[in-house]
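To keep things clear, I will list the structure first and then write my remarks on it.
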Amino acid sequence: MSALSRRNFLALSGSAAATVLSGRLTTSGDAAMGPADKFDLVIKGGDVLDPSQSLRGRRDIGIRWGVIEAIEPEIPAARALKTIDAAGKLVTPGLIDLHCHVYPYGSAIGIPADELVQFQGTTTVVSAGDAGVNNLAALRRYIVAQSRTRIYAFVHIANNGLSAFPVAELYNIDNAQVEACAMALAENPDFLIGVKVRMSENVIFKHGIEPLKRGIKACEMCGWPARMMVHIGGVETGQLMSDILDLLRPGDVLTHAYSGAPNLAGAFTNIVQDGKLLPAALAAKQRGVIFDVGHGGGSFDFTVAEVAIPGGCTPDTISSDIHVFSGNTPGVPFLPNVMSKFMAMGYSLEQVVTMTTTAPAGIINRAPKIGTLQIGAPGDVAIMELVEGPVTFVDTRNNKRDGKAYLRPLQTVINGVPFGRPYQSPFAVR
């Protein structure tokens, strides 16, 4: 193991790490198979949808040593050591959840990432500020390194992260230590995406724009292009919402973009105010700020989205904001269900899969070929059923919308190994 640093080893996962240790690097030059070689797993007959290759159609997927080795119209059954029959089912790259909470024991709201797999079809997730500087090392050592699901993170600008939830982490602005946060970023560029800050009034009290300024400063000090993920919903004033939007840089992530949550006084101060889209929101979108759904238990409002999206603030990524509380709310924010809501709003299947595979993969940009089924990519696959028929969706403010279909996760494959519930025992989310 002398040629592989501990940090690089932790950046890998499951059978992908075993592949490197065995001396076989997963590059295109050594992916060729002999005619007598067998695939460890073949996923047969599925309706493959891979936006990264503009691919849609019936294909067989062959996986060997944790890596995708073939996508062909037909792979003979004799060449498979194990087979999953995906005939009539939708097969996509493993889904990527850009905003969830997967730090059990270290955060008051975390769910083990591996326990989410059967309900979400996720093979890669991002911890959205669960850890701050003080408990980031434990997240990496005890959670990330021991999970089959690939985990990245935004570090919270507050040193304690969400460990004190529901106590607000930024009522005391001294918790936001810029230099310490910048050092954490500098030491973990392979694992961290950037800095998370929650800008709701019930989190930052009367500190205005200062928490966001500190987060941006930490990003700029760390030595690499770290991003901000900025949580909105219930911002103190309408003007502060515009100030937040004006400060965001191209590539920063606005999460809970379509929140309709009010502030402490009951006023609606999000990107849609008095039924109109804020000019600052459109300006942010046009200069490259990423709009992320971050549904959660209180952060997605159909009526906000129905104004913002036609106004030009379309979503770039769909994420769940799943945690121990939101997972039990009427909005059912498991990722396939959130994708289904956007299909009910007029988005195509191809678009919602893009927003949960190639789009978040580009934001993470830490591992080669995640969010894709290209040859040489990790063997991460989500198998789902597109269930057609009348269905009613509920947002986090009890608004209802009718749809014509929904996605039901059936089986997930992580690094070439089936994971979660068996294919024959699906979990339906409606």
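Note that the coordinates shown come from a computational prediction; the quantities given were computed from them, not determined experimentally. Hydrogens, waters and symmetry mates play no part in the numbers below; they use all other heavy atoms, side chains included.
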Report summary line: dist Tyr347:OH -> Thr314:OG1 (nearest 0.5 Å) comes out at 5.0 Å
Query raised in the report: About how many Å separate CD1 of Ile363 and OG1 of Thr358, when rounded to the nearest 0.5 Å?
Result: 10.0 Å
Query raised in the report: Does Met228 reach the side chain of Val253, with side-chain heavy atoms less than 4.5 Å apart?
Result: no
Requested in this report: Please check if atom CE in Met183 has more than 12 non-hydrogen atoms from other residues, nucleotides or ligands closer than 6.0 Å.
Outcome: no
Query raised in the report: Going through the distances and angles, do Asp380 and Arg150 end up as a salt bridge (charged side-chain N to carboxylate O under 4.0 Å, His left out)?
Result: CA-CA 10 Å; Asp380 293 353; Arg150 191 179 293 103; 2.8 Å; yes
Query raised in the report: Is Asn270 reaching over with its side chain to a backbone N or O of Gly234, donor-acceptor style, under 3.5 angstrom?
Result: yes
**Report entry** Side-chain heavy atoms of Gln53 within contact of Ile71, under 4.5 Å
**Finding:** yes
Report summary line: Taking every heavy atom of Asp114 against every heavy atom of Arg148, the minimum-distance pair comes out as OD2-N, 3.0 Å
Query raised in the report: Quick one: SG on Cys219 to CD1 on Ile193, what's the gap to the nearest 0.5 Å?
Result: 11.5 Å
Requested in this report: Would you indicate whether the side-chain heavy atoms of Val117 and Ile414 approach each other to under 4.5 Å?
Outcome: yes
**Report entry** NZ/NE/NH1/NH2 to OD/OE distance under 4.0 Å, Asp243 and Lys213
**Finding:** no
Query raised in the report: Are the side chains of Gln177 and Val133 in touch, meaning some heavy atoms are under 4.5 Å apart?
Result: no
Query raised in the report: Are any of the side-chain nitrogens in Arg227 or Asp252 under 4.0 Å away from the carboxylate oxygens of its partner?
Result: no
Requested in this report: Check whether the ring centres of Phe342 and Phe300 lie less than 6.0 Å apart, and answer yes or no.
Outcome: yes
Query raised in the report: Do His256 and His99 have ring centres separated by under 6.0 Å?
Result: yes
Query - Closest non-hydrogen atom pair between Gly46 and Val91, with its separation - result: CA-CG2, 3.8 Å
Query raised in the report: Short question: side chain of Asn175, backbone of Ala158 - any donor-acceptor pair under 3.5 Å?
Result: no
Report task. Measure from the side-chain N and O atoms of Ser200 to the backbone N and O of Val203, and report whether any donor-acceptor pair falls under 3.5 Å. Result -> no
Requested in this report: Evaluate side-chain contact (heavy atoms from CB on, under 4.5 Å) for Ile143 paired with Ile151, printing each intermediate quantity in order.
Outcome: CA-CA 9 Å; Ile143 304 299; Ile151 302 176; 4.2 Å; yes
Query raised in the report: Between Tyr152 and Phe154, does the ring centre distance come in under 6.0 Å?
Result: no
Query raised in the report: Please walk me through it: do Arg397 and Asp301 pass salt bridge (charged side-chain N to carboxylate O under 4.0 Å, His left out)?
Result: CA-CA 6 Å; Arg397 296 190 58 77; Asp301 189 328; 3.5 Å; yes
Requested in this report: Check the pair Phe165, Val167 against side-chain contact (heavy atoms from CB on, under 4.5 Å), reporting the backbone distance first and the verdict last.
Outcome: CA-CA 5 Å; Phe165 189 92; Val167 176; over 6 Å; no
Query raised in the report: Counting N and O atoms only, with roles assigned by atom type, does the side chain of Tyr406 sit under 3.5 Å from a partner on the main chain of Phe393, one being a donor and the other an acceptor?
Result: no
Report task. Verify side-chain hydrogen bond (donor to acceptor under 3.5 Å, both in side chains) between Ser319 and Asp292, making sure each step is shown before the conclusion. Result -> CA-CA 7 Å; Ser319 64; Asp292 174 58; 2.8 Å; yes
Query raised in the report: Shortest non-hydrogen contact from Gln374 to Ser52?
Result: NE2-OG, 3.6 Å
Requested in this report: Compare every heavy atom of Cys100 with every heavy atom of Ile322, then report the nearest pair and how far apart it is.
Outcome: CG2-CB, 3.7 Å
Query raised in the report: Do you know the tightest heavy-atom contact between Ala138 and Tyr103?
Result: CB-OH, 3.3 Å
Report task. Could you tell me whether Arg64 and Glu69 have a side-chain N and a carboxylate O separated by less than 4.0 Å? Result -> yes
Query raised in the report: Can you find a pair of side-chain heavy atoms, one from Ile61 and one from Leu373, that are under 4.5 Å apart?
Result: yes
Report summary line: Correct closest heavy-atom pair for Met384 and Leu407 would be SD-CB, 4.4 Å
Query raised in the report: Is the backbone N or O of Gly297 less than 3.5 Å from a side-chain atom of Thr396, with the two atoms forming a donor-acceptor pair by type?
Result: no
**Report entry** Pairwise side-chain contact, Lys285 with Val289, heavy-atom cut-off 4.5 Å (strictly under)
**Finding:** no
Query raised in the report: Is the closest basic N to carboxylate O distance between Glu388 and Lys404 below 4.0 Å?
Result: no
Report summary line: To the nearest 0.5 Å, atom OG of Ser127 lies from atom CZ of Phe191 at 7.0 Å
Query raised in the report: Are Arg56 and Asp50 close enough for a salt bridge, meaning some N to O gap below 4.0 Å?
Result: no
Query raised in the report: Once you round to the nearest 0.5 Å, how far does CD1 of Ile209 lie from NE2 of His207?
Result: 13.5 Å
Report task. Give me the one residue out of Thr317, Val293, Leu335 that meets side-chain contact (heavy atoms from CB on, under 4.5 Å) with Leu98. Result -> Thr317
Query raised in the report: For Leu185, does its backbone N or O pair with a side-chain atom of Asn188 as donor and acceptor, under 3.5 Å?
Result: no
Report task. Begin with the C-alpha distance, continue with both residues' side-chain angles, and end with the deciding distance and a verdict on salt bridge (charged side-chain N to carboxylate O under 4.0 Å, His left out) for Asp130 and Lys196. Result -> CA-CA 9 Å; Asp130 292 308; Lys196 171 76 179 292; over 6 Å; no
Query raised in the report: Residues in side chain to side chain contact (heavy atoms under 4.5 Å, CB included) with Asp246, at least two apart?
Result: Ala280
Query raised in the report: Is a side-chain donor or acceptor of Arg214 paired with a backbone partner of Leu212 at a separation under 3.5 angstrom?
Result: no
Query - Short side-chain donor-acceptor distance under 3.5 Å, Asn337 and Ser340 - result: no
**Report entry** Separation between OG1 of Thr269 and CD1 of Ile232, rounded to the nearest 0.5 Å
**Finding:** 8.5 Å
Query raised in the report: In terms of ring plane angle, is the pair Phe334 and Phe119 parallel, tilted or perpendicular, where the classes change at 30° and 60°?
Result: tilted
**Report entry** Close side-chain approach of Thr412 and Pro418, heavy atoms under 4.5 Å
**Finding:** no
Requested in this report: For Ser107 and Pro104, indicate whether the former's side chain and the latter's backbone hold a donor-acceptor pair under 3.5 Å.
Outcome: no
Query raised in the report: Checking side-chain contact (heavy atoms from CB on, under 4.5 Å) for the pair Thr255/Phe291: CA distance, chi angles, key distance, verdict?
Result: CA-CA 6 Å; Thr255 194; Phe291 278 57; over 6 Å; no
Query raised in the report: Is the closest side-chain heavy-atom distance between Met343 and Gln351 below 4.5 Å?
Result: no
**Report entry** Backbone N/O of Leu386 and side chain of Lys89: donor-acceptor pair under 3.5 Å
**Finding:** no
Query raised in the report: Between Thr122 and Asp97, is any side-chain donor less than 3.5 angstrom from a side-chain acceptor?
Result: no
**Report entry** Check: Thr372 side chain, Lys369 main-chain N or O, donor-acceptor pair, under 3.5 Å
**Finding:** no
**Report entry** Derivation of the side-chain contact (heavy atoms from CB on, under 4.5 Å) call for Val144 and Leu139
**Finding:** CA-CA 6 Å; Val144 176; Leu139 170 65; 4.3 Å; yes
Query - Arg59 and Asp47 ion-paired at < 4.0 Å - result: no
